[in-house]
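See below for the structure under consideration.
Just so you know, these numbers come straight off a predicted model, no measurement behind them. For ligands, and for the atoms within them, numbers begin at 1 and follow the listed sequence.
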Amino acid sequence: MSSVCVFTASSPGTNPAYRDAAWALGATLARERVRLVYGGARVGLMGELADSVRAHDGEVVGVMPRNLVDWEVAHEGLSELRVVTSMHERKAQMSELADAFAALPGGLGTLEELFEVWTWSQLGLHAKPVALLDPGGFWQPLLGFLDGMVSERLLRREDRERIVVADDPDTLLDRLRTAEPATVSGKWLDNGPAHARAPGLEA
Ligand SMILES: C/C(=C\CNc1ncnc2c1ncn2[C@@H]1O[C@H](COP(=O)(O)O)[C@@H](O)[C@H]1O)CO
């Protein structure tokens, strides 16, 4: 695994444990020579993470749409900043550049990016592992909500359990490295044979 794409907040938040987690993850990525791919901002936890990787001599690629660069939120100290035309192109490039995905605490943008790569995995569009770094149990309410979806048979247990959760960056990297490639059954829950397989998915 040579590259991890990380989604996290463009705001700093109020909990210092999240900044500490961003710095710890940055130091671990740099030490392990794993390239960081992220949204390219200098603000919030995104900026803390990139600052940490660079401070520890690691490699960082940022991918940012032109309008955000014009808003002057781009990080100017990255190994590479790719300027793209849209948020869609940004996500496509971030996803192509990475061998795995991870999320630190964040807001709507972080959730949107996390759920997109998790959904693509559910659909078999990639087989890359997806992880949560969970300082202070930030992700636990969301995981509880998703467990409720499993109980209500709206989410397959194997798709819920596919997410890797870790309390510290070393464990996170270990688990990403050893995660089984995601596989797809192609079966929708409870819809019977007529809906048993998504078009184009392998048996
Ligand atoms: C213009 C201002 C802040 C800049 N906002 C963003 N800069 C860079 N990347 C962003 C920004 N907002 C969303 N993203 C992407 O989503 C994730 C962070 O979103 P969140 O809502 O803060 O969790 C992050 O991974 C980015 O890729 C001033 O208001």
Open item on the list: So, 4.0 Å and heavy atoms of R90: is ligand 1 close enough to count as a contact?
Closed with: yes
- [ ] Can you see which heavy atom on L114 is nearest to which on I163, and at what distance?
- [x] CD1-CD1, 4.1 Å
- [ ] Evaluate the ring planes of W120 and H126, with Trp represented by its six-membered ring, and classify them as parallel (under 30°), tilted (30 to 60°) or perpendicular (over 60°).
- [x] perpendicular
Open item on the list: Show me which atoms of ligand 1 lie under 4.0 Å from any heavy atom of G106.
Closed with: 23 (O)
- [ ] Return yes or no for this condition: an N or O of T110 is under 3.5 Å from an N or O of ligand 1.
- [x] yes
Task: Contact partition for V6 relative to ligand 1, non-hydrogen atoms under 4.0 Å - done: neither
TODO: Check whether any side-chain heavy atom of L146 sits under 4.5 Å from a side-chain heavy atom of W118, and report yes or no.
DONE: yes
Task: Numbered atoms and elements of ligand 1 in range of A9, under 4.0 angstrom, heavy atoms - done: 22 (O), 23 (O)
Open item on the list: Does the protein come close to atom 22 (O) of ligand 1 - that is, does one of its heavy atoms sit below 4.0 Å from that atom?
Closed with: yes
Open item on the list: Pairs of nitrogen or oxygen atoms closer than 3.5 Å, one from G109 and one from ligand 1: do any exist?
Closed with: yes
Open item on the list: Please list the nearest protein heavy atom to atom 25 (O) of ligand 1 with its residue and the distance rounded to 0.1 Å.
Closed with: E113 OE1, 2.5 Å
TODO: Would you confirm whether R153, through its side chain, and V150, through its main-chain N or O, come within 3.5 Å as a donor-acceptor pair?
DONE: no
TODO: Spell out, yes or no, whether L172 and L29 are grouped together once hydrophobic residues are joined by side-chain heavy atoms under 4.5 Å, including indirect joins.
DONE: yes
Open item on the list: For residues L111 and M94: do they belong to one hydrophobic cluster (side chain heavy atoms under 4.5 Å, members Ile, Leu, Val, Met, Phe, Trp, Tyr)?
Closed with: yes
Task: Whether R82 side chain and Q93 backbone form a donor-acceptor pair below 3.5 Å - done: no
Open item on the list: Yes or no, since that's all I need: does a protein heavy atom fall within a distance strictly under 4.0 Å of atom 28 (C) of ligand 1?
Closed with: no
Task: Nearest-contact summary for atom 18 (C) of ligand 1 - protein heavy atom, Å - done: T8 O, 3.1 Å
- [ ] Check whether any N or O atom of G107, backbone or side chain, sits under 3.5 Å from an N or O atom of ligand 1, and answer yes or no.
- [x] yes
Task: atom 2 (C) of ligand 1 [closest protein heavy-atom partner, distance rounded to 0.1 Å] - done: V73 CG1, 4.1 Å
Open item on the list: My understanding is that only residues two or more places apart in sequence, or in another chain, count here; which of them pass side-chain contact (heavy atoms from CB on, under 4.5 Å) with R31?
Closed with: T28, D170
Open item on the list: If the cut-off is 4.0 Å to any non-hydrogen atom of M46, which atoms of ligand 1 fall inside it?
Closed with: 8 (C), 9 (N), 24 (C), 26 (C), 27 (O)
Task: Hydrophobic cluster identity match, V69 and L78, side-chain contacts under 4.5 Å - done: yes
Open item on the list: Within the 4.0 Å heavy-atom shell around L108, which atoms of ligand 1 are there?
Closed with: 21 (O), 23 (O)
Task: R175 (side chain) donor-acceptor with V165 (main chain) under 3.5 angstrom - done: yes
Open item on the list: Students should be able to answer this: which protein heavy-atom is nearest to atom 12 (N) of ligand 1, and at what distance?
Closed with: S10 OG, 3.6 Å
Task: Pair listing, salt bridge (charged side-chain N to carboxylate O under 4.0 Å, His left out) test, anchored in residues 127-149, at least two apart - done: D147-R160
TODO: Could you list which atoms of ligand 1 come closer than 4.0 Å to a heavy atom of A41?
DONE: 7 (N), 8 (C)
- [ ] Indicate, as side chain, backbone, both or neither, the part of E112 found under 4.0 angstrom from ligand 1 when only non-hydrogen atoms are considered.
- [x] neither
Task: W71-ligand 1 polar pair, N/O distance under 3.5 Å - done: no
